[in-house]
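Shown next, in structure tokens, is the structure this report addresses.
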Amino acid sequence: MMKLSKMHKRLLAVGALMPMAAMAQEAAQPAKGQLETVTVTAQRRAENIRDVPVSVSMLKDEKLDVIVSSGQDIRVLAGKTPSLNVESSNGRTFPRFYIRGYGNTDFSVFASQPVSLIYDDVVQENPILKGFPMFDMAGVEVLRGPQGTLFGRNTPAGVVKFESAKPHLKGIDGYYNVSYATHATTNVEGAVNVPLSKEWAMRVSTLRQHRDGYVDNTFTGKKDELEGYNEHAERVQFLYQPGGSFNALFNLHQRSTGGSARLFRANMIKKGTNEVVDGFNPNEIHTNGQNFQNLNTKGANVRLSWDLGPVKLFSITGYETVGNYVSRGDIDGGTPTGTGFIPFQVETAGGISDMKQYSQEFRVESKNAGPLNWQTGVYYFNEDASGFTNNFNSDTGVQFSHLSSRQKNTAWAAFGSLNYAFSDAFTVRGGLRYTKDKKDFNTIKRENVVQIGPDSFGESKNKANWDLSANYTVNKDVSVYARVATGFRAPSIAAASANAPITVADAETITSIEAGVKADLFNRRARVSMSVYDYDVKNQQLTVVGGNSNVTRLINAAKTKGRGVEMDFEGFITNDFKVSTSASYNYTQLRDPSLSVQPCRQCTVTDPLNAAGRAIIDGNALPQAPKWIINASARYNFPLAEGNLFILTDWSYRSKINFFLYESKEFTGKAMTEGGLRVGYNWQGGKYEVAAFGRNITNTQRITGGIDFNNLTGFINEPRQWGVQFKGSF
């Protein structure tokens with residue numbers, strides 16, 4: 001019997017008293033006190049979420065507005081739906097996604113991730129592209145489990161799917177949203193929709209984010225020097241809708257961000273524990289290294305559709321580019337004389353000098369009135385990326401080594417799926433995808449770097465994936481489903497480093513089984529979904545970082561086991577009181593007795609060591625994979641004569657995590673609970689709103705990641721923020 005901690009019991013009790021599904025939908029309700037129908041595109045068609053045989057959550061409207069109001073980046077999605085974690089050792093520019101504990105901690109600009117991020121139907125494959133900010137959104141869908149038959153490019157863990165709000169021909173409208181918070185944090189967002197003619201419409205969206213530095217560098221004596229940022233992003237869309245069988249949507253977008261990179265804090269972890277050292281001050285750092293990052297991205301996509309009567313044809317063309325990305329930081333976190341003992345100075349920079357991604361999909365979808373429907377298509381992907389790493393003398397700032405590499409990746413796939421309704425209540429779906437993936441990797445320049453082995457590698461892999469699912473409608477409010485799915489991630493190649501060769505990880509595959517129930521309750525006053533799953537990953541790609549030196553390499557684990565339970569619930573207690581909870585339990589375990597890695601230089605390793613002094617990681621959980629993720633929120637509305645006063649609170653909890661493949665006392669992240677509060681007033685039917693808010697209101701401070709090859713270096717979560725916000729629409 002699984003034993004729960006007091007914290008688990010308290011949070012589960014809260015979940016029992018305050019049911020709701022991560023507060024997913026806050027749009028206009030069909031009737032007061034009733035939940036709206038949630039429409040998702042998890043199967044590339046618009047469908048009621050209850051009828052989709054996939055574990056999926058939708059975030060939109062007030063839910064998204066609340067969590068991004070303090071100017072946070074895409075990492076704010078961590079823990080906001082069951083089984084989803086997002087973290088980064090690079091700050092705002094390089095998020096790493098995990099679903100059901102399954103992800104990739106690799107911080108290389110060439111890294112692939114088993115969670116695919118799709119923005120406006122275009123795969124964002126390079127990890128730098130995955131940080132594009134959320135603004136003017138129609139919604140965010142989180143699809144759990146392998147999604148490879150309908151969504152291309154490395155989706156064995158799942159998909160996070162972003163959809164922006166679209167232009168329309170109905171008239172001029174838009175919104176503006178301004179907030180100001182602690183550390184002069186400003187978040188300005190807005191959009192306007194303008195019909196240009198009877199057939200053309202334009203939508204312009206923009207985002208501006210800023211935060212002042214608030215961390216002092218006690219080595220240089222500079223006050224408020226670090227942890228600030230400036231970010232702006234724009235999107236322009238044009239809709240052509242002539243009223244016949246053809247529609248076209250054109251999308252141009254860009255992003256520019258600059259400011260602090262992640263702050264690595266030397267010897268901040270107390271030896272033999274995962275506590276911060278006595279006297280730790282999060283508003284100070286003692287470093288002689290430079291710290292900054294800059295990023296510029298641009299992209300465009302074209303989505304075309306033709307309604308040909310019995311079928312509908314789609315074309316999706318995407319182009320993304322990174323013109324410049326560099327992130328530089330003091331990796332050892334301090335100076336030669338402190339903080340604490342630092343064996344050697346390490347200051348590095350990494351980035352992308354050039355990256356271009358092109359993708360093309362053609363898809364045909366049936367429109368049969370009968371029981372059989374299908375869709376089929378072809379997909380092409382091409383990426384050409386050049387990245388680099390530099391090392392510097394921390395005292396002089398002079399570069400003493402440089403390594404640059406280039407990766408070319410091409411892939412194509414053919415896919416199809418069939419849906420057959422045996423009755424009004426029972427539908428079966430099957431999907432198949434064949435993929436061919438090829439990568440060519442080579443070192444193109446090195447200065448003062450001794451590389452072992454060849455300068456280039458090539459990998460090519462073919463794979464067929466499939467899934468089979470069934471959905472049974474018990475009655476008009478309840479459905480149950482079961483699904484078996486396989487997934488595939490192409491081989492990965494890691495750049496060489498000093499005295500270390502280029503390394504290659506073979507392709508990984510997954511077989512996943514899940515079943516679930518989805519129900520509307522009490523005349524749609526509440527909604528619940530629950531799923532259970534079990535998966536096996538073969539040859540999982542793992543990233544080994546650090547140990548006794550600043551070296552990164554790729555390995556494969558023979559097998560990884562995962563299983564768990566997920567639950568979403570939302571509902572109205574009264575017409576003015578809406579509550580929610582979501583929870584997931586995710587168990588992961590590496591199963592490969594032959595695997596061992598170099599452990600940390602100064603920490604207390606709890607894994608057994610082999611004769612070579614390496615940590616045996618067989619039986620360990622995956623890194624950054626909390627067993628528990630729990631969410632709870634509540635919103636109470638006070639109707640007034642001219643508007644509505646409301647109070648909203650939301651809380652998220654995740655259990656402890658491992659930072660690395662091995663286990664140690666110091667590099668185990670403690671359980672973390674963060675809460676938010678919002679009090680506001682809206683009027684004229686919600687057209688205007690003013691609110692005061694707080695994020696991380698308990699000012700919880702946790703070590704969320706570490707650097708292990710030099711000293712007990714770590715980095716921490718975002719601090720508490722208080723702010724005000726004004727929104728308007730027209």
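Basis for what follows: all heavy atoms, side chains included, without hydrogens, waters or symmetry-related copies. As the structure is a prediction and not an experimental result, all values here were calculated from the model. The first residue of the sequence shown is numbered 1, and numbering continues consecutively from there.
Phe264 and Phe715 have perpendicular rings, their planes meeting at more than 60° on a 0 to 90° scale where under 30° would count as parallel. Aromatic ring pairs are classed by plane angle as parallel below 30°, tilted from 30° to 60° and perpendicular above 60°; the pair Phe110 and Phe441 is perpendicular. Between His286 and Phe219, the ring planes lie perpendicular to each other; the angle is over 60°, past the 30° to 60° tilted range.
Counting only heavy atoms from C-beta outward, the side chains of Gln701 and Val276 approach each other to under 4.5 Å. By the 4.5 Å heavy-atom criterion applied to side chains, Thr185 and Thr182 are not counted as neighbours. Contact annotation: the side chain of Glu666 never approaches that of Cys600 to less than 4.5 Å [non-hydrogen atoms, C-beta and beyond]. For the pair Pro133 and Gln72, the minimum side-chain heavy-atom distance is 4.5 Å or more. Counting heavy atoms from C-beta outward, Asn283 and Asp224 have side chains that stay 4.5 Å or more apart. Here the side chains of Asp536 and Lys561 are in contact, with some heavy-atom distance below 4.5 Å. Pro599 is not listed as a side-chain neighbour of Phe667, based on a closest heavy-atom distance of 4.5 Å or more.
A donor-acceptor contact closer than 3.5 angstrom is absent between the side chains of Asn556 and Glu508. Of the N and O atoms on the side chains of Asn390 and His402, at least one donor lies less than 3.5 Å from an acceptor on the other residue. No donor-acceptor contact under 3.5 angstrom links the side chains of Ser584 and Glu566, judged on distance only. Donor-acceptor pairing under 3.5 Å is recorded for the side chains of Gln541 and Ser492. In the model, Ser652 has no side-chain atom that pairs as donor or acceptor with a side-chain atom of Asn631 under 3.5 Å. At a cut-off of 3.5 Å, with distance as the only test, no side-chain donor of Thr257 or Asn294 sits close to an acceptor on the other residue. If you check the side chains of Arg96 and Ser89, you find a donor sitting under 3.5 Å from an acceptor. Side-chain N/O atoms of Ser83 and Asn586 include a donor and acceptor closer than 3.5 Å. If you check the side chains of Ser57 and Arg144, you find a donor sitting under 3.5 Å from an acceptor. In this structure, a donor-acceptor pair under 3.5 Å is absent between the side chains of Thr604 and Ser664. With 3.5 Å as the limit, one finds a donor-acceptor pair spanning the side chains of Tyr98 and Glu87. Counted by atom type alone, Asp216 and Thr218 present zero donor-acceptor pairs between their side chains at under 3.5 Å. Under the 3.5 Å distance criterion, with hydrogens and angles disregarded, a donor-acceptor pair is assigned to the side chains of Asp395 and Asn288. Looking at Tyr325 and Asn90, their side chains do bring a donor and an acceptor atom within 3.5 Å of each other. Side-chain N/O atoms of Ser70 and Arg695 include no donor and acceptor closer than 3.5 Å. A side-chain donor-acceptor contact under 3.5 Å links Ser401 and Asn391. With 3.5 Å as the limit, one finds no donor-acceptor pair spanning the side chains of Asp618 and Gln589.
At distances below 3.5 Å, at least one donor-acceptor pair connects side-chain atoms of Arg262 with backbone N or O atoms of Ile716. Judged by distance alone, the side chain of Thr588 and the main-chain N or O of Leu622 form a donor-acceptor pair under 3.5 Å. Under a 3.5 Å cut-off, the side chain of Asn711 and the backbone N or O of Ile342 do not form any donor-acceptor pair.
The side-chain tip of Arg328 points at the ring of Phe392 from less than 6.0 angstrom away and within 45° of straight on. Geometric assessment of Arg92 against the ring of Tyr229 yields a positive cation-pi assignment under the 6.0 Å and 45° thresholds. With a 6.0 Å cutoff to the six-membered ring centre and a 45° limit on the axis angle, Arg265 does not count as a cation-pi contact of Phe280. For the pair Arg601 and Phe709, the cation-pi criterion (under 6.0 Å, within 45° of the ring axis) is not fulfilled.
Across all their heavy atoms, Gln451 and Ala500 have their closest contact at CG-O, 4.4 Å. Taking each heavy atom of Asn658 and Ala621 in turn, the nearest pair found is ND2-O, 3.8 Å. Between Asp332 and Thr713, the shortest heavy-atom contact is O-OG1, 3.3 Å. Among all heavy-atom pairs drawn from Asn717 and Arg702, the shortest one is OD1-N, 2.8 Å. Across all their heavy atoms, Glu227 and Leu263 have their closest contact at CG-CD1, 3.5 Å. Closest of all the heavy-atom pairs between Ser594 and Asp592 is OG-OD1, 2.5 Å.
By the 6.0 Å contact criterion, NZ on Lys665 is open, its count of non-hydrogen atoms from other residues, nucleotides or ligands being 12 or less. Within 6.0 Å of the NZ atom in Lys130, the count of heavy atoms belonging to other residues, nucleotides or ligands exceeds 12. By the neighbour-count criterion of 12 heavy atoms within 6.0 Å, atom NZ of Lys222 is sparsely surrounded, having that number or fewer from other residues, nucleotides or ligands.
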**Request:** Take Val544 and Leu554 through the test side-chain contact (heavy atoms from CB on, under 4.5 Å) and record every step on the way to the result.
**Result:** CA-CA 6 Å; Val544 181; Leu554 297 176; over 6 Å; no
**Message:** side-chain contact (heavy atoms from CB on, under 4.5 Å) for Ser512 and Tyr102? Distances and angles first, verdict last.
**Reply:** CA-CA 12 Å; Ser512 170; Tyr102 185 9; over 6 Å; no
**Request:** Kindly determine whether Ser596 and Arg614 satisfy side-chain hydrogen bond (donor to acceptor under 3.5 Å, both in side chains), including the steps that lead there.
**Result:** CA-CA 6 Å; Ser596 64; Arg614 297 165 60 86; 3.1 Å; yes
**Asked** When you look at Met672 and Ile657, which way does the side-chain contact (heavy atoms from CB on, under 4.5 Å) test go after all the steps?
**Response** CA-CA 10 Å; Met672 180 167 66; Ile657 54 174; over 6 Å; no
**Test side-chain contact (heavy atoms from CB on, under 4.5 Å) applied to Glu514 and Ser55, step by step** = CA-CA 8 Å; Glu514 70 176 70; Ser55 179; 3.5 Å; yes
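In this structure, Leu226 CG and Thr287 OG1 are separated by 8.0 Å, a value rounded to the nearest 0.5 Å. Note that CG of Leu117 and CD1 of Ile74 are 5.5 Å apart. Values are rounded to the nearest 0.5 Å. Atom CZ in Arg100 sits 8.5 Å away from atom CD1 in Ile510 (nearest 0.5 Å). For the atom pair NZ of Lys63 and CG of Leu77, the computed distance is 9.0 Å after rounding to the nearest 0.5 Å.
In this structure, Tyr585 has its ring center under 6.0 Å from that of Trp628.
Shown are Thr560, Asn104, Thr509; of these, the side chain to side chain donor-acceptor pair (under 3.5 Å) with Gln540 is made only by Thr560.
Looking at residues two or more places apart in sequence or on another chain, you find a side chain to side chain donor-acceptor pair (under 3.5 Å) between Asp607 and Asn620. In terms of the side chain to side chain contact (heavy atoms under 4.5 Å, CB included) criterion, residue partners of Pro608 (sequence neighbours excluded) are, by chain and number, Ile616.
Using a 4.0 Å cut-off between charged side-chain N and carboxylate O, Arg211 and Glu718 make a salt bridge.
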